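This report concerns only the one structure given below.
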Amino acid sequence: MNFVEELRWRGMLHDIMPGTEDLLNKGMIAGYIGFDPTADSLHIGHLTQIMTLIHYQRAGHKPVILVGGATGMVGDPSGKSAERNLLSEEILQNNVSCIEKQFSKFLDFNSGTNSAEMVNNYDWFKNFSFLDFIRDVGKHITVNYMMAKDSVKKRIEGETGMSFTEFTYQLVQGYDFYYLWKEKNCQIQMGGSDQWGNIVTGTELVRRKGGGTAFAITTQLIKKADGTKFGKTESGAVWLDPAKTSPYKFYQFWLNTSDEDAKSWIRIFTLQSQIEIESIEKVHDAAPHLRVLQKALAQEITVRTHSEAALELALKTSDFLFGNGSLEFLQSLSGAEVMDMFDGVPKFNISKNELSAEVNIADLLVDKTQIFPSKGEARKMITGGGISINKQKISDPLYSVSSNDLINGSYLVVQKGKKNYFLIIAQ
RNA sequence: GGGGGGAUUCCAGAGCGGUCAAAUGGGACGGACUGUAAAUCCGUUACUUCGGUUUCGAAGGUUCGAAUCCUUCUCCCCCCA
């Protein structure tokens, strides 16, 4: 199965320039995708493009990652209704190096001729003077052509307008394509469907300035069945950096996908074959409550993005927090493992002296910690059966806690409802 | 400038001078159910040392008693100029 067929059956293909498939069938072709360093980590919104590059490399082609140290300074207007805030140069450079590190997990940078390669357009733009640019690049593209682009038209017709800087963006990105085509024989640019306009400006530049041909492939933007935006949770974006989104939360994000989304996402975000996926779906349909699909999806992505060990911990944590969490399991964990498991959970410190005598449960939850804003509320919640300490439901508002309740002599696990955990650490 | 209407607890929106910590709906949070889903059902939704204490735009006043009546102020909306 060739690269294009692969994208097609997985439902990833959005648009492809005529002739692209023939070109790819002729042999190894270098192709690239650009990533703007708008943050110091990639997030799951980038995952489609990462998967595209993985398939590209698996099909025997050479994937090139372009990190937009220069384009990031301009700001892509595609899909944006208002002018972007510009990032400072230091922040951008820091973002670039963070992102570069993340790619090493996904692609093979040491596989001979089709090794992945990473480039930064800042390298060829930093010494490119404005005058040279408008003479050598700007000359080839008409403003009429640029204005016809959707990303530009919308902004011009809209009320917000568009700065010259952002208007220039497609030319800058277009030049990247020309540069890579000329210097690295990179003949294909890929990207999300919103990038079509920018990519085509590049192929146009290759034709007019270089007299050559270049090709474009775009992928489907990920949609959720319920219409909400993909990749966002209440707590913000889902990052690939474990320091920004813990592997446990990462795993949970995928596990919580709806049945409908899971069926399309397992094709996009995992490398399972068509036969494997269809058999998983069969099992899933027979017993949807087991969520075999979501589990397969979550497992594979978590391992690829983080590691087997991270998945193990995520699984254990999930099992404890949602399944049959037991006191014994907690007691079996080391201090470090506990901290890992409750990563992101609010923590409160309390001195051991305070617990040497008995402390009323409401005092503990309100005065000693800030789990509840008032004692009345804490008592109501306790009476309503919404509070557990160390997995034991507390229903008496007069219940007292003492140092005997500490797990391994050092902490208490408080639950408000089923899902809200708090860790009280005695020091 | 003239005339009219309004300001209520997270939001919307009821509220005869006493029985109003304030209807109802939404939201939020808990519980049951469940697939860590959806729907549904139930409960809670000012503080409290459970004796009480502070709330209804702000400040005064009338009254045994005021979210409800009076005065002044602040802000919002509508209509006519």
Side-chain angles (χ1 to χ4, degrees), chain A residues 44 223-235 238 245-266 280-299 301-302 310-326 329-330 341-346 354 357-401 413-422:
Chain A
I44 57 171
K223 287 194 206 84
K224 279 172 67 171
D226 62 7
T228 55
K229 202 166 186 243
F230 169 73
K232 291 272 189 241
T233 62
E234 314 84 66
S235 47
V238 180
T245 298
S246 72
Y248 160 70
K249 286 202 189 117
F250 186 84
Y251 175 82
Q252 282 290 323
F253 172 83
W254 297 104
L255 191 66
N256 279 323
T257 54
S258 69
D259 292 0
E260 208 174 328
D261 288 332
K263 284 184 184 176
S264 84
W265 294 0
I266 196 165
I280 294 173
E281 280 176 343
K282 216 181 245 170
V283 176
H284 179 89
D285 289 338
H289 61 281
L290 295 177
R291 289 186 299 161
V292 183
L293 258 177
Q294 285 89 337
K295 281 180 184 162
L297 174 71
Q299 283 183 16
I301 308 179
T302 306
L311 172 68
E312 282 304 310
L313 187 65
L315 284 172
K316 270 200 229 159
T317 310
S318 302
D319 188 52
F320 171 77
L321 296 178
F322 293 101
N324 358 310
S326 68
F329 174 71
L330 269 178
M341 187 167 107
F342 288 104
D343 176 53
V345 160
E354 289 185 89
E358 303 232 310
V359 176
N360 174 265
I361 179 84
D363 289 335
L364 180 76
L365 299 180
V366 180
D367 295 337
K368 311 290 185 205
T369 63
Q370 286 77 47
I371 295 172
F372 284 99
S374 79
K375 288 188 187 174
E377 194 173 322
R379 285 202 196 89
K380 278 167 199 154
M381 192 65 86
I382 291 163
T383 315
I387 292 292
S388 294
I389 296 217
N390 297 338
K391 284 281 168 185
Q392 288 279 300
K393 196 164 264 194
I394 306 296
S395 51
D396 177 12
L398 296 175
Y399 182 85
S400 288
V401 179
V413 175
V414 178
Q415 260 172 290
K416 173 176 154 246
K418 278 194 189 113
K419 297 188 191 176
N420 302 303
Y421 280 84
F422 301 89

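Every value quoted in this text rests on a predicted model; they were computed, and no experiment measured them. Letters A, B, ... are given to chains in the order of the sequence lines, protein chains preceding strands, and every chain is numbered from 1.
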Under 3.5 Å, which protein N or O atoms sit close to an N or O of nucleotides 48-51 of chain B? Give each pair with its distance.
unit_1, atom_1, unit_2, atom_2, d
B:U48, OP1, A:K375, N, 2.8
B:U48, OP2, A:S374, OG, 3.3
B:U48, OP2, A:K375, N, 3.3
B:U48, OP2, A:G376, N, 2.7
B:U49, OP2, A:R379, NH1, 3.1
B:U49, OP2, A:R379, NH2, 3.1
B:C50, N4, A:R379, NH1, 2.7

Which residues pass the side-chain contact (heavy atoms from CB on, under 4.5 Å) test with [X], not counting sequence neighbours?
X      : value
A:T302 : A:F250, A:Y251, A:H306, A:L311
A:A287 : A:H289, A:L290
A:Q415 : A:S388, A:K391, A:Y421

Between [N] and [M], how far is it from one [atom1] atom to the other, in whole Å?
N     : M     : atom1 : result
B:U54 : B:A67 : C1'   : 15 Å
B:G15 : B:G5  : P     : 16 Å
B:G6  : B:A14 : C1'   : 15 Å
B:U36 : B:G26 : P     : 27 Å
B:G51 : B:U71 : C1'   : 37 Å
B:U68 : B:U62 : P     : 15 Å
B:A12 : B:U48 : P     : 26 Å
B:A37 : B:G31 : P     : 11 Å

Could you give me the CA-CA distance, side-chain angles and deciding distance for A:Y248 and A:L321, then say whether side-chain contact (heavy atoms from CB on, under 4.5 Å) is met?
-> CA-CA 11 Å; A:Y248 160 70; A:L321 296 178; 3.3 Å; yes
Could you tell me which residues satisfy salt bridge (Lys or Arg N to Asp or Glu O under 4.0 Å) with A:K368, sequence neighbours excluded, listed by chain and number?
-> A:E354
Mind checking salt bridge (Lys or Arg N to Asp or Glu O under 4.0 Å) for A:K316 and listing every partner two or more places apart, or none if nothing turns up?
-> none
Check side-chain hydrogen bond (donor to acceptor under 3.5 Å, both in side chains) between [X] and all other residues, then give those that pass, not counting sequence neighbours.
X      : result
A:Y399 : none
A:Q294 : A:D259
A:Q299 : none
A:K418 : none

Salt-bridge contact A:K375-A:D363 (side-chain N to carboxylate O under 4.0 Å) = yes
Please map the stems of RNA chain B, keeping only stretches of three or more Watson-Crick or G-U wobble pairs with both distances under 3.5 angstrom.
-> B:1-7 with B:74-80, B:10-12 with B:24-26, B:27-32 with B:40-45, B:57-61 with B:69-73
Report the glycosidic orientation of B:G51: syn if within 90° of 0, anti in every other case.
-> syn
Measure from NZ on A:K416 to P on B:G31 and round the result to the nearest Å.
-> 10 Å
Between CG of A:N420 and C1' of B:A28 the distance, given in whole Å, is 12 Å
Quick one: what's the B/S/- string for nucleotides 33-40 of chain B, heavy-atom cutoff under 4.0 Å, read 5' to 3'?
-> -BBBS---
